[in-house]
S.K.: 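Structure below; questions to follow.
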Amino acid sequence: MSTQTARVKGRQPVHPLIKKSKDYLWGVLFILPAIIVFCLFLWTPIAKGVVYSFMHVDFINGSNYVGLKNYREVIANSDMGMTIWNTIYYMFLCVLLGFWVPSIVAIAISELRRFQGVMRLIVYLPHIVPAVVLYGMWQWLYDPLGPVNQIASWFGDHQLMWLTDKSIAMISIVIAETWQAFGGATLIYLAGIVGIPKDLYEAAEIDGAGVLQRIRHITIPGIRHLYVLMFILQLISTSQGFMTHMALTGGGPNNATLTYMYQIINEAFTNLNYGRASAMGVLMFLVLTSLSTVLYYFQGRSKKV
Amino acid sequence: MSQPERSIMSSFDLKKGSVRIGYSIMLLALLVLAVTMLYPFATTIFSSFKTNQEIFMFPPSLFPQQFQWSNYAEGFKYVELFRPFMNTLILFGGNAVISLMIVSLAAFSLSQMKLPFRKGITLFFMSTLMIPSATYMIPSFLNLQSLGLIDSYWAFWLPAGASAFNIMLLRSFFDGINKELFEAGRMDGASELRCFYRLAIPMSIPVFSTLLIFAFTSTWNDWYWPSLVLTSPEKYPLASVVYRNIIQSFNLTWNVKFSVLTVIMLPPLLFFLFFQKNIMHGLNLSGVKG
């Protein structure tokens, strides 16, 4: 019966504009909360960041416009070069020590005949545990008297100060982070490897290709798009890294692990110079966005080839 | 099902000597990997039962000589965990209800309803994914300050709804539901709201559970942002409390430290083992989306 009334209503002549806005009413109502929240908590801060970067932010005496002063100060700051260098070094180490691990582990796991599920779970385990627990673990593992040094002492009595030696503090952080994070990437690669058609291997085997050749010519090209994607994601996420540094070394020893993002935090919450911190954020935004645009461009090109 | 599906190697390959050697080396490497993944967990849990002397004993042992439960009593005395635990639950509950409501309404609207400027709105949401969150972290803090939300849980509940990733995940799920279903519902006189909560929500329980799990892990793990936004320590969630009182403390003995770490490590582990299927499913979903 209700179907009939709906049809009858549909036939009545209604002004097209009213009808249209009536049609849209619910759709708009449904999406409105999201739009408000996005405006308030994402777009406002993004816009404010740009505005603040040209201002001296002061909550007591009021903020005032200072032009490019913040940017000039940031660039003239002697710590700036060091923090950028630390960040690049950190990103480089993450790629060197961490980037290739997940794909190889994924290939190895995909070859397991048994316990594949268990192995996936084990690899993903550090992801589930809160970061603070991991900090506690690694503080202990890297303790001068901790397990890592004890195990190392079986091979020689050389003790390493993992977190307080300037030359290896960053490496220690990268090892800890890689250990924690590579499981997630492994699962993504695994999903890609599972998606490669099995008849390709069959055909290659009949043509006499060895196992390594099959990996090189079928598996790796099959997940090449994932390599590019993961590389971009890793660069973007590691360029913002500061939490592990904060928890394990506090930026030390002698500022050896002070990254750019960490410096932004210090600028804002230690020096209370929000304008300069915002300017640093804007600079970072410009670099990261152009970086990801360039990388996406290359990805698009490599797909065409 | 007698013949298992082949992977890179066929069962024929394994008859060759060189492949066999390579395969066993790989198995060995995976075994070593499994041990290195599990060892830190094991040492944390077992050390929480040791005396402090035993922890530093040389050569190191994994199992405690005898279980010293008093570490736990001491840990609980040192830092109160019950209230932070409740705070974490409140944070999670608000995140789940408020942000999921905002996100799912928007996703439903984008996917199944008549909407003007659909492309523009999608772009409005999606382009936030391109902007690294760290770059607007400081203005975001100042923004919360000027909205008067500092030291309030609303500062977590509302922004959690501004997640383009969740909207897109849900939207792609709603897109998969046949449009005729909702047309039929509307023909039968169901309002849009009814279509939404009687048809769309029940059908997308699996995606919702994935989003809930993501929300749970992020509230349980996040320690830095809460310690910035909440100014009164009695409102801190568990992770921030532990960071402040356990990780940063220098006078706490290791065995007591480990007892607290074990306590806050176990709930997410159990949660994960319990919901393992949904989580893996959700990871695949997000992995496909990239």
Side-chain angles (χ1 to χ4, degrees), chain A residues 2-3 6 23-24 26-28 30-31 33-34 37-38 41-42 44-46 48-49 52 105 108 110-111 119 122-123 125 128-133 135-137 140-141 145 147 150 187-188 191 198 201 205 211 214-215 219 229 236 240 243 247 261 264 268 274 277-278 281 284-285 288-289, chain B residues 5-10 13 19 26 30 34 37-38 40 43-44 56 58 60 102 105-106 108-109 113-116 121 125 128 131-132 134-136 138-140 142-143 158-159 161-162 187-189 192 220-221 223-224 239 242-243 246-247 254 257 261 264-265 268-269 272 283-284 287 290:
Chain A
S2 52
T3 327
D23 276 357
Y24 284 149
W26 281 102
V28 173
F30 270 36
I31 211 161
V37 167
F38 266 79
F41 297 105
L42 276 179
T44 314
I46 291 167
K48 269 189 179 170
Y52 283 145
V105 174
S110 78
E111 282 306 292
M119 202 56 207
I122 290 175
V123 164
L125 212 55
I128 305 135
V129 173
V132 283
V133 174
Y135 299 153
M137 274 181 196
W140 159 243
L141 293 174
L145 296 172
Q150 285 185 349
L187 294 189
I188 292 175
K198 303 283 177 283
Y201 298 127
E205 193 183 346
V211 176
R214 269 172 253 161
I215 293 177
T219 316
L229 183 78
I236 290 179
Q240 306 172 31
M243 288 204 204
M261 190 57 213
I264 294 185
Y274 296 108
S278 303
M284 188 175 170
F285 166 72
L288 285 186
T289 320
Chain B
E5 205 186 343
R6 65 162 292 149
S7 45
I8 297 171
M9 292 187 309
S10 63
D13 281 317
V19 174
M26 190 201 88
L30 278 183
M37 296 315 278
L38 292 176
T43 181
T44 304
F56 287 98
F58 190 89
I102 296 174
L105 281 173
F108 186 69
S109 174
M113 293 167 86
K114 287 196 180 109
L115 193 70
I121 293 174
F125 290 146
T128 57
I131 304 172
T135 59
Y136 54 87
I138 305 301
S140 191
L142 299 177
N143 182 46
L158 290 176
M187 290 287 253
D188 287 347
E192 295 290 344
W220 194 272
N221 290 343
W223 58 274
Y224 184 69
V242 170
Y243 183 77
I246 307 292
I247 303 296
W254 273 109
K257 233 182 208 188
L261 292 182
I264 71 157
M265 175 170 88
L269 273 185
F272 179 77
L283 285 171
N284 284 342

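Note that these values count all heavy atoms, side chains included, but never hydrogens, waters or copies made by symmetry. In what follows, chains carry the letters A, B, and so on, assigned in the order in which the sequence lines appear, proteins first and then strands, with residues in each chain numbered from 1. Here the structure is a predicted model, which means the values were calculated and not measured.
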S.K.: Below 4.5 Å from any heavy atom of chain B, which atoms of A:I46 appear? Answer side chain, backbone, both or neither.
M.R.: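 It is both, since atoms from each part get that close.
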
S.K.: Need one label for B:M26: side chain, backbone, both or neither, based on atoms under 4.5 Å from any heavy atom in chain A.
M.R.: side chain

S.K.: Let's test your reading of the structure: which of B:I131, B:T43, B:N143, B:V19 forms the most heavy-atom pairs below 4.5 Å with chain A?
M.R.: B:N143

S.K.: Most heavy-atom pairs under 4.5 angstrom with chain B, which of A:V123, A:V133, A:I31?
M.R.: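 Heavy-atom pairs under 4.5 Å are most numerous for A:I31.
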
S.K.: Spell out, as yes or no, whether a donor-acceptor pair under 3.5 Å connects the side chain of B:T135 to the backbone of A:G281.
M.R.: no

S.K.: Between A:E205, A:M284, A:M261, which has the largest tally of heavy atom pairs under 4.5 Å with chain B?
M.R.: A:E205

S.K.: OH/A:Y274 to CG/B:L142 distance, rounded to the nearest 0.5 angstrom?
M.R.: 6.0 Å

S.K.: Of all heavy-atom pairs between B:P116 and A:V28, which one has the smallest distance, and what is that distance?
M.R.: CD-CG2, 3.8 Å

S.K.: Would you say that A:V132 contacts B:I246 through its side chain, given a criterion of any heavy-atom pair below 4.5 Å between the two side chains?
M.R.: no

S.K.: In terms of heavy-atom proximity below 4.5 Å to chain B, should A:L125 be classed as side chain, backbone, both, or neither?
M.R.: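 Both backbone and side chain.
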
S.K.: Heavy atoms only: give me the nearest B:P268-A:I128 pair and the separation to one decimal.
M.R.: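 Looking at all heavy atoms of both residues, the closest pair is O-CG2, 3.4 Å.
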
S.K.: So, do B:L30 and A:M119 sit near enough that their side-chain heavy atoms are less than 4.5 Å apart?
M.R.: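 In short, these two side chains touch, coming nearer than 4.5 Å.
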
S.K.: Given heavy-atom pairs under 4.5 angstrom as the criterion, report whether the side chain, backbone, both or neither of A:Y135 touches chain B.
M.R.: both

S.K.: Going from CZ on A:F30 to CD on B:E192, what distance comes out if it is rounded to the nearest 0.5 angstrom?
M.R.: 6.5 Å

S.K.: Mind listing the closest non-hydrogen atom pair of A:G136 and B:I247 along with its distance?
M.R.: N-CD1, 3.4 Å

S.K.: I'd like to know which of B:P159, B:P132, B:A34 tops the heavy-atom pair count under 4.5 Å against chain A.
M.R.: B:P159

S.K.: Just wondering, do A:F41 and B:S140 contact through their side chains at under 4.5 Å, heavy atoms?
M.R.: no

S.K.: Check each atom of B:W254 against the heavy atoms of chain A and say whether the ones under 4.5 Å are side chain, backbone, both or neither.
M.R.: side chain

S.K.: Measure B:I8 against the heavy atoms of chain A and call it side chain, backbone, both or neither at under 4.5 Å.
M.R.: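 Both backbone and side chain of B:I8 come within 4.5 Å of chain A.
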
S.K.: As an exercise, state the distance from CZ of B:F125 to CG of A:L42, rounded to the nearest 0.5 Å.
M.R.: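 Rounded to the nearest 0.5 Å, the CZ-CG separation comes out at 10.5 Å.
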
S.K.: Identify which part of B:Y243 has an atom lying under 4.5 Å from any heavy atom of chain A, answering side chain, backbone, both or neither.
M.R.: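 Backbone plus side chain of B:Y243, per the 4.5 Å heavy-atom cut-off to chain A.
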
S.K.: Closest approach of B:A106 and A:A34, non-hydrogen atoms and distance?
M.R.: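 Heavy atoms only, the tightest pair is CB-CB, 3.5 Å.
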
S.K.: For A:A131 and B:N221, work out which heavy atoms get closest and say how close.
M.R.: N-OD1, 4.2 Å

